Number of protein chains: 2
Amino acid sequence: MQTIQSDNYPIFFENSIDELIAFIERGKYSRFFVLTDEHTSVHCLPKLTDKLNTLGNYDLIEINAGEESKNIDFCIGVWKMLIDFEADRKSLLVNLGGGVITDMGGFTASTYKRGIDFVHMPTTLLSQVDASVGGKTGIDVDGIKNIIGTFTQPKAVFIDTAFLDTLPPRQILSGLAEMLKHGLILDAAYWNELKQSDLTKPSTALVHRSVVLKNKVVMEDPTEKNIRKSLNFGHTIGHAIETWALNDKPDSLTHGEAIAIGMICESYLAHKKTGLKAEELEEITATFNRLYPRFGFSRDIYEELYSIMLKDKKNMDGKVNCTLLSAIGKFNIDNICTKEELFEAFDYYLAG
Amino acid sequence: MQTIQSDNYPIFFENSIDELIAFIERGKYSRFFVLTDEHTSVHCLPKLTDKLNTLGNYDLIEINAGEESKNIDFCIGVWKMLIDFEADRKSLLVNLGGGVITDMGGFTASTYKRGIDFVHMPTTLLSQVDASVGGKTGIDVDGIKNIIGTFTQPKAVFIDTAFLDTLPPRQILSGLAEMLKHGLILDAAYWNELKQSDLTKPSTALVHRSVVLKNKVVMEDPTEKNIRKSLNFGHTIGHAIETWALNDKPDSLTHGEAIAIGMICESYLAHKKTGLKAEELEEITATFNRLYPRFGFSRDIYEELYSIMLKDKKNMDGKVNCTLLSAIGKFNIDNICTKEELFEAFDYYLAG
C-alpha cells in the first residue's frame, strides 16, 4: 500500500513500526516520549517495545483512556510531565493511541516550549481514517469538544492496521462511520463498495482509500475555508448529541455512533433543502440503522442540543451551519438551518 | 514616525487609536473583545471608549494585573469567557495592556477554536519594545515562564507612547532594559545614544528604533534557529532570577530589573569566553548599576537558579546555552556555560 504524501509529511501504511523506528533514528532527537493510554500501553506498546529499546533511553507518559482525558486538566498533567522530564525543544512526542491521544498529544506538543515535533501512530480505526490527517489538534474545555486547539501538522503518521485486531467491534464501527461519510460526501462508488464489504474488519485497502479521500480534501483547503467543510457532514448534529451524551451519560455513545445519528438527521435536512432524493435518504437511513444501535433521547433535550450547536466552532453570527448532501457522493456546504428544521430532523430520527 | 512592516502585519506609531478603530471596521468581525487588566481598564481603556462605542457591541474581559495572571488557570478563565460570550471564529481579540496581556491574550486567541484573530495595543514600554514584535505567545505553568505557547503573529500592533505617561518610573525602567539590550547586541551607536538620553521618558523615536532593530532580527529568523537567539542576551540568567523571585518574593523584581542583572552576569561571561573587553564589561556593569537597584541574593540559591536554567526553553541536551557579546554591539550565540562559570558570574554580580 503506497505511502500517502500529506502537507509536508508522509503517512506510512507498510512496515509502519520499522518506519517509525527509522524516523526517530534519522531525526537525531535529544529525547523521545511515548504517549499512551491504559489500553494502548497493554495492547499496542508491547508490539513496539523491543524495537524502541534499541534506540536507547525514552520515557512513557500514560493517561487514562476515554474522552475525559482530553480535558485541559489532563493536558496540564502532560505538560508538567514534560517539564519534569526536562524535555527540550529537540524532543519528540510519539502519540500511540486513538483520537484522544492524537488530538491531545498533538495539542500538548504543539504548545510545549512553543512547539516540539510529534508523530502519530493511530491504533483505532477512527484515528487511522480521521485523526491521522488534517493537522487538527484539540482538547475539551467546559465539556465542549475540541474548543481549544491548534492547526499543527505531525512530522509523520504510521498506520498499522494490525492494531485493529485488538479492537472491540464497537470501536471498529466507530471508525467505519467516518469511512461511510467519506463515501457519502465524495465518492458514491466507495459508499457502495463499503456497504457490500465485511465491515467487522475493514481491509487495509479500504482504510487507505479513506485516508486518500480525506487527504485530498485537506490538502486543497487546509484552513477550512470551503471544501474542507465537506468533512463536517453529520457533525453539526452529531457533535451536539455526542457532547450531550458525554456530559449526561458518559460512554453511552461512541463518536461514530453519534455522527451516524447526525448523518441520518442531516440527510433528512439534505432531502428537505439541498435536493437529496427520497430513495437516497431512505438508503442512508436504512444503512446506518442496520449497522448502529438506535439511541433514544426525548424531546426535552432538543433545546439543550440546540444551545450546544450554537457553541459549535463551525458557526458564525449565532446561526447553525450544516454541510449537507445534494446526492450520495456530493456534498453541499454552508447551509443555515433554523431551530425548527433541526427539531424536525431530530423527530425524523426518533420516528425511524 | 513610519509604520513598520513586520511578518505580514503592520506596527503603527501614529494615530494608533484611530488606526485600531479603522482596522476593526475594515475587518468585518462578527464580534470583538477587549482584554484588559485592572490597571489598563482604568488608565488606558477610557482613552478608547468613545471611539470603541461607535463600533457597536463589544465585550470586555478583565484579568488581574501581574505575572500571576499568566498562569494557565487565568488562561482557562479567558477561554471560558469566550465560550460563554459565544465568540465565533470571526471574532477579534484586542489585547490592551502590558506583556502579560499581550502574551496571554495572544496564546488564548491563537488556540481558541484553533485560532481567532488578535491585535495588540501595548501600553507599557516593555510590551511596546518587546512583546509587540516577534509572534511569541505564552503562559506560565508550574511557575515556569512562557513554558507553554505558540508562534502566532498578531494581525496588527498599535503603539501609542502617550500611554507611557501613566506608567510608574519603575515600569519605564523595565522596558528600558530591553532597549539597552538591543543596543548591546546590535548597535553600539544606539547604546551610546540611549545612555545619554533622558531615560525617565524615552522618546517615541527611541522606541521606534528599538522596534525596528528587533523586527529586523525576527524577520530574518522567525523560528529562532540562529540570529534571533541574539535577543536572549541577559535572559538565560535573567529569566532564572526572575522565575526564582516570582516564586519566592513576588513583585520584588520587574522583568527589566531581572534581565539587567542577567546582562551584568552574562557580560562577565562574555569577557571570560567571547572576547568582550574589560573596559566594555566595566561600562556595561556601571550603566546597569547606575540605573537599576541592586538585588541581593545569597549563594544558597545558586543551585536552585541552576536547576531553573536547566528547564529553560533555550537549552538542549541538559546544557545551559547563553547568548553573549564579543563587543558592545556584537552578539555571539550558542555558548555552553558550565555550572562553575555561571556561579562565578553570580559572584561577579554580588561583588559589584
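Here the structure is a predicted model, which means the values were calculated and not measured.
- Here B/Thr111 contributes atom OG1 and A/Phe151 contributes atom CZ; the two are 12.5 Å apart, rounded to the nearest 0.5 Å.
- With sequence neighbours left out, the side-chain hydrogen bond (donor to acceptor under 3.5 Å, both in side chains) criterion links B/Thr150 to B/Ser110, B/Thr137, B/Thr152.
- The stretch residues 76-92 of chain B places B/Ile76, B/Trp79, B/Lys80, B/Ile83, B/Glu86, B/Asp88, B/Arg89, B/Lys90 near chain A, each with some heavy atom under 4.5 Å from a heavy atom of that chain.
- In this structure, chain A has a heavy atom under 4.5 Å from the side chain of B/Ile144, while its backbone stays farther away.
- For a residue to count as touching a neighbouring chain, one of its non-hydrogen atoms must lie under 4.5 Å from one of that chain's; by this rule A/Ile72 touches chain B with the side chain only.
- Residue-environment remark: CG (A/Asn8) stays at or below the threshold of 12 foreign heavy atoms within 6.0 Å.
- In this structure, B/Arg114 and A/Lys136 approach most closely via the heavy-atom pair NH1-CD, 3.4 Å.
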